[in-house]
Amino acid sequence: MKVTNLFRFYRLGVGKRGVVTTRYPNGPAELPAAAQCAPELTGKCDACGHCAEACPTKAIAVTTSKFTIDLGDCIYCGECARGCPKGSIVMGKNCELSARKREGLEVSYDVRQ
Amino acid sequence: MNRMILSELVEDLPPVLRTGIRWELQDDGSLTIDVGEEALPGIVDHIQKKYHSWLISEHALDLRPKGGEFQLIVLLGLPKVTVPVIIRANVDIYASSFHSLTPSVPAANWFEREISDTFGLTPNGHPDQRPLVLYDDWPYGTYPLRKDFDPSRPVPRVPSEYPFRKVEGEGVFEIPVGPVHAGVIEPGHFRFSVAGEPIINLEIRMGYTHRGVEKLSESLPYHRGVPLAERISGDNGFTHALAYCQAVESLAGCAVPDRALFIRTILSEMERLYCHMGDVGGIALDTAFGTGAQMAYILRERLMQLNDQVTGSRFLRSASCLGGVRCDIPVDSKKDIQRTLLQVKLDFDDFVTTIKNMPSFLDRVETTGVLTLENARSLNVVGPVGRGSGIDRDVRRDHPYAAYDQISFQVPVYREGDVWARTRVKIDEVYESIGIIEQALDKLPSGELCVPLGEAPEGRTGLSLTETHRGECMHWLMAGKGQPYRHKVRDASFLNWPAIELAVLGNIVPDFPLVNKSFNLSYAGNDL
Ligand code: SF4
Ligand code: SF4
């Protein structure tokens, strides 16, 4: 009885370990669909400042000409993306965010109206 | 039921205690009693003796900007009652002292030392008047939670030394351990006094990770408090955020949609699962049983990857929001969860069989670090530690929140109080959690994920309890203008740390890491 059960589980693939590690960094990083990496400005922006207002760590600074996210302060919560009335901010899928200098973590975009 | 017991409670108060009190039964059934500060210890002692109540929290408020005084809030839990008894007492501004509860309620010890540190109110009659939460070099007379304290200015530092308890005698040695430890863990100082191998005294010094969470929260609008609550204590971020959200929702009278309640339940249990895997693995590791530990750690990793898959965060960050939840569980995720849990359950069976049949493991965990029921009761120890010592309490069953009232589950309780009892509580809870998730997934209703919060009227108070994997976690709020006027957080660790001092007595020093691991308490959650 026990043995049959065991075989049934094996046939289902339950308990089979296989390869559990991923190929990264020799291959691309496999991110889950829900992953939230650095926020990116992808569309139009009228510098309304809603995103900066929504950000819990004040990582975003917007002026009429420049939009800056400081990834050193960002906690990847996605509030800015939800707060943008134009839907211009998306939570990106790039997880390689290291920089050689502190300033390298500040990402700037030109504001396009 | 609640109303009956609670109104009886007030009517039963002896006439000496009844004079000068005002009481009121709130809409939610909870009882509020306003007493004079000098009558507080008497009333709490009476309720404790007669109704076997326990102390959920004791904290202070600065009502001076509102034209009031300082106020003490004592929250008591009662068996068979789902709502707490709230006792309020005003403390005179000029006297700045109050009658201590600690002589009759030992669990109040750390609460009152914290009040003394952060509000400058002296607990008269408290046997231990040393500082607790603030840094050693914090200047005397600066009280951070008073409303006139300005958090934006740096505080001058005054070098001083903490007076540790001295144990003296022939052959008694002191072993200071920490605050910096060998592994990458949080900072805390442990001072052992030993005679030979056995420990005859342990004193725990915390406060190295004090970040001023409560003060910070008083300056943040409610929605920004959620990411803050998530970061109070790293591995139970979701349950802390949930407790905060529930407290704010009760301020605003917001009704959370059904689907969100079920998803909250599922995510809470997913958090408990991966934390318990780490705990039982850590216990195996501390008995030098590496193979067993790795079996549990693989499962922990798999569960964290599942978290990542479902919510986009291995630690379930950003999944909670006021008025509901952020992340949905669509059919795909549901299948992922079911499949993973089936595998995890089978592999966890392997792990449990392995450690239960390992004499060298059992030899280390049985009769080690015994916390007696009496000690656990008097310190109001909560969570798996309390249940390992025979305290049959669990917030999920006794004060149901989220969708726990629609799900059936057992609360495992063991009486031995040793490391093995605590391990078995956690093992049993893993199976219960898997059961809870499966039921919740089956019953998952459709509908909205999140509703607008609404207005939180100023001056209202809200309380919320949740069961983290460490035990009961409390968030208490008083509403201000769009942000909390006062936010009190009490992690399970705050109640459980003092119990380690008792559990290690008579054990040998090498067993301390094992006992500590079986408690698995948070330093950051304690220090705030
Ligand atoms: S993801 Fe969160 S922390 Fe980062 S910039 Fe957006 S709002 Fe700020
Ligand atoms: S990104 Fe969106 S929210 Fe931010 S300033 Fe531009 S338009 Fe406004």
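All of these numbers come straight from a predicted model, not from anything done at the bench. In what follows, every chain begins at residue 1, and chains take the letters A, B, ... in the order their sequences are listed.
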Other residues, nucleotides and ligands only: do more than 12 of their heavy atoms fall within 6.0 Å of [atom1] on [X]?
{"X": "Glu455(B)", "atom1": "CD", "answer": "no"}
{"X": "Lys345(B)", "atom1": "NZ", "answer": "no"}
{"X": "Arg102(A)", "atom1": "CZ", "answer": "yes"}
{"X": "Lys335(B)", "atom1": "NZ", "answer": "no"}

Fill in the blank from the handout: Bottom line for Cys55(A): the part with an atom under 4.5 Å from chain B's heavy atoms is backbone
Exercise for the section: Give, as side chain, backbone, both or neither, the part of Leu31(A) having an atom under 4.5 angstrom from any heavy atom of chain B. Expected result: neither
As an exercise, state the distance from [atom1] of [X] to [atom2] of [Y], rounded to the nearest 0.5 Å.
{"X": "Glu79(A)", "Y": "His223(B)", "atom1": "CD", "atom2": "NE2", "answer": "6.5 Å"}
{"X": "Asp308(B)", "Y": "Glu30(A)", "atom1": "CG", "atom2": "CD", "answer": "12.0 Å"}
{"X": "Ser313(B)", "Y": "Gln36(A)", "atom1": "OG", "atom2": "CD", "answer": "8.5 Å"}

Handout entry: Pick from Arg326(B), Glu230(B), Gln309(B), Arg339(B) with the largest number of heavy-atom pairs that fall under 4.5 Å of chain A
Key = Arg326(B)
Problem - Structural part of Arg231(B) lying under 4.5 Å from a heavy atom of chain A - result: side chain
Practice task
Give, as side chain, backbone, both or neither, the part of Val310(B) having an atom under 4.5 angstrom from any heavy atom of chain A.
Solution key: backbone
Practice task
Evaluate the side-chain proximity of Ile75(A) to Arg317(B): yes if any heavy-atom separation is below 4.5 Å, no if none is.
Solution key: no
Problem - Pro56(A) side chain reached by Pro227(B) side chain, heavy atoms, under 4.5 Å - result: yes
